2 protein chains.
Amino acid sequence: MKQQAAFRALADPTRRAILKRLQGGAMSAGEIGEAFDITPASLSHHFAVLKQADLVRTERRGQFIVYSLNSTVVEDFARMVLDLFPAKGKTGAKG
Amino acid sequence: MKQQAAFRALADPTRRAILKRLQGGAMSAGEIGEAFDITPASLSHHFAVLKQADLVRTERRGQFIVYSLNSTVVEDFARMVLDLFPAKGKTGAKG
DNA sequence: TAGATATTTAGACAAATATCTAAATAAGAC
DNA sequence: GTCTTATTTAGATATTTGTCTAAATATCTA
């Protein structure tokens, strides 16, 4: 997994909001953009950062480019986060 | 919890390494710094960012300032991360 | 073909950030 | 009190980053 890319991607509030918005399901770039007050170009930049971190996947559908969450990454990422802290005495699982 | 501060703090690899280093237990600023090739001033800057995010706590002990992980934050933070992704374990459609 | 829509790419720019050196602060040793 | 050690703060600078406008690319429709 692309650790640094994922942490960096999540550091921006707009990108976290994009991920949140994708929780409801796949959405085109334009639909995602409706919720934000930035230009399509800026949005596209954020998509690129999220893609580079493997947090989202894309699929072209006609004129549209549809974005969806790469849900499998969450496990790796959450584990990575937990791994930054000492084991929390439960189930003796070591991080 | 200081969401943005925490995400931002973790975006830097040096700061993540500092947290890792603190897993072994509390440590003075100087001891932490032995593992890194940056000046004490730069290190101090990273400490400030981590403190602002409540990820570490400090305690002066004589000449030294001892840093320790604020372990309670991990739960909030992990939950926050998980919250960015769709609920898992029920519909878990992996694709 | 031309034109409209959807999205990305390129280039520029201001704000944020990581780093440094130098100076300041705090505590212990003499 | 003065010196030494530990750490932070202040100020400067180069890099990174988020945003914009303008242009390019891709697809659809007539």
Side-chain angles (χ1 to χ4, degrees), chain A residues 2-22 24-70 77 84, chain B residues 2-22 24-70 77 84:
Chain A
K2 297 161 182 173
Q3 176 165 355
Q4 176 54 28
F7 275 109
R8 164 165 129 60
L10 291 173
D12 183 83
T14 298
R15 287 193 289 267
R16 291 200 303 278
I18 291 172
L19 295 181
K20 278 261 178 208
R21 191 155 165 74
L22 285 175
M27 225 180 276
S28 74
E31 278 181 294
I32 297 169
E34 286 168 13
F36 302 97
D37 201 21
I38 58 178
T39 64
S42 297
L43 215 31
S44 189
H45 160 71
H46 287 305
F47 292 149
V49 175
L50 289 169
K51 264 194 292 188
Q52 197 190 318
D54 265 339
L55 291 168
V56 300
R57 272 166 299 166
T58 68
E59 176 204 350
R60 176 172 280 278
R61 205 177 321 176
Q63 298 169 276
F64 306 89
I65 296 183
V66 174
Y67 284 86
S68 55
L69 284 178
N70 192 352
F77 190 79
L84 285 172
Chain B
K2 299 164 182 172
Q3 175 166 353
Q4 176 55 28
F7 275 110
R8 164 164 128 62
L10 290 173
D12 184 85
T14 298
R15 285 192 290 266
R16 291 200 302 277
I18 290 172
L19 294 180
K20 278 260 176 207
R21 191 154 164 76
L22 285 175
M27 226 180 274
S28 75
E31 278 180 294
I32 297 169
E34 287 169 11
F36 302 97
D37 201 20
I38 59 180
T39 64
S42 299
L43 214 32
S44 189
H45 158 72
H46 287 304
F47 293 149
V49 175
L50 289 168
K51 263 193 291 187
Q52 197 190 318
D54 264 340
L55 291 168
V56 300
R57 270 167 299 166
T58 69
E59 176 203 350
R60 175 171 281 277
R61 205 177 320 177
Q63 300 169 275
F64 305 91
I65 294 182
V66 175
Y67 284 86
S68 56
L69 284 178
N70 191 354
F77 189 80
L84 286 171

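Residue numbers begin at 1 in each chain, while the letters A, B, ... track the order of the sequences. Here the structure is a predicted model, which is why all the values come from computation and not from measurement.
Summarising the geometry of L55(B) relative to A9(B), their closest heavy-atom pair is CD1-CB, 3.8 Å, with the distance given to 0.1 Å. Residues A29(B) and L43(B) share a closest heavy-atom pair of O-CD2, 4.3 Å. In this structure, R21(B) and E31(B) approach most closely via the heavy-atom pair NH2-O, 2.8 Å.
A donor-acceptor pair under 3.5 Å is absent between the side-chain atoms of R16(B) and the main chain of I18(B), judged by distance alone. Side-chain atoms of R15(B) never come within 3.5 Å of backbone atoms of L10(B) as a donor-acceptor pair (strictly under, hydrogens ignored).
Between chain A and DNA chain D, the heavy-atom contact criterion of under 4.0 Å yields a 5' to 3' nucleotide range of dT17(D) to dC28(D).
Heavy atoms of Y67(A) sit under 4.0 angstrom from primed sugar atoms or phosphate atoms, though from no base atom. Using a 4.0 Å heavy-atom distance criterion, R61(A) is classed as making no nucleic acid contact. Among the heavy atoms of the strands lying under 4.0 Å from R8(A) are primed sugar atoms or P, OP1, OP2 only; no base atom is included.
The 5' end of DNA chain D is approached more closely, in terms of each residue's nearest nucleotide, by P40(A) than by the other of F64(A) and P40(A).
Contacts between residues 41-51 of chain A and DNA chain D, defined by a heavy-atom separation under 4.0 Å, are made by A41(A), S42(A), H45(A), H46(A). Proximity of residues 25-32 of chain A to DNA chain C (heavy atom under 4.0 angstrom from any strand atom) is restricted to S28(A), A29(A), G30(A).
Screening L50(B), D54(B), L22(B) against N70(B) for a side-chain contact (heavy atoms from CB on, under 4.5 Å) leaves a single residue, D54(B).
By the side chain to side chain contact (heavy atoms under 4.5 Å, CB included) test, A11(A) pairs with A11(B), sequence neighbours left out.
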Could you go step by step and tell me if E59(A) and R61(A) meet the side chain to side chain contact (heavy atoms under 4.5 Å, CB included) rule? CA-CA 6 Å; E59(A) 176 204 350; R61(A) 205 177 321 176; 4.3 Å; yes
Could you check V56(B) against L19(B) for side chain to side chain contact (heavy atoms under 4.5 Å, CB included), going step by step and ending with a plain yes or no? CA-CA 8 Å; V56(B) 300; L19(B) 294 180; 3.8 Å; yes
With side chain to side chain contact (heavy atoms under 4.5 Å, CB included) as the criterion, how do K2(A) and R8(A) come out once you've worked through the C-alpha distance, each side chain's angles and the decisive distance to 0.1 Å? CA-CA 10 Å; K2(A) 297 161 182 173; R8(A) 164 165 129 60; over 6 Å; no
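Taking CD1 of I32(B) as the start and NZ of K20(B) as the end, the distance is 15.5 Å to the nearest 0.5 Å. Interatomic distance, CZ of F36(B) versus CD of E34(B), reported as 11.0 Å (0.5 Å rounding).
When the P atom of dC30(C) is taken as reference, atom CD of Q63(B) falls 11 Å away, rounded to whole Å. Regarding I65(B), its CD1 atom lies at a distance of 9 Å from the P atom of dA27(C), rounded to whole Å.
The list of ring-ring contact (aromatic ring centres under 6.0 Å, His included) pairs with a residue in residues 39-67 of chain A, not counting sequence neighbours, reads F47(A)-Y67(A).
For the helix from dT1(C)-dA30(D) to dC30(C)-dG1(D), the angle separating the two terminal helix axes comes to 10°, with each axis derived from five pairs and the value rounded to 10°.
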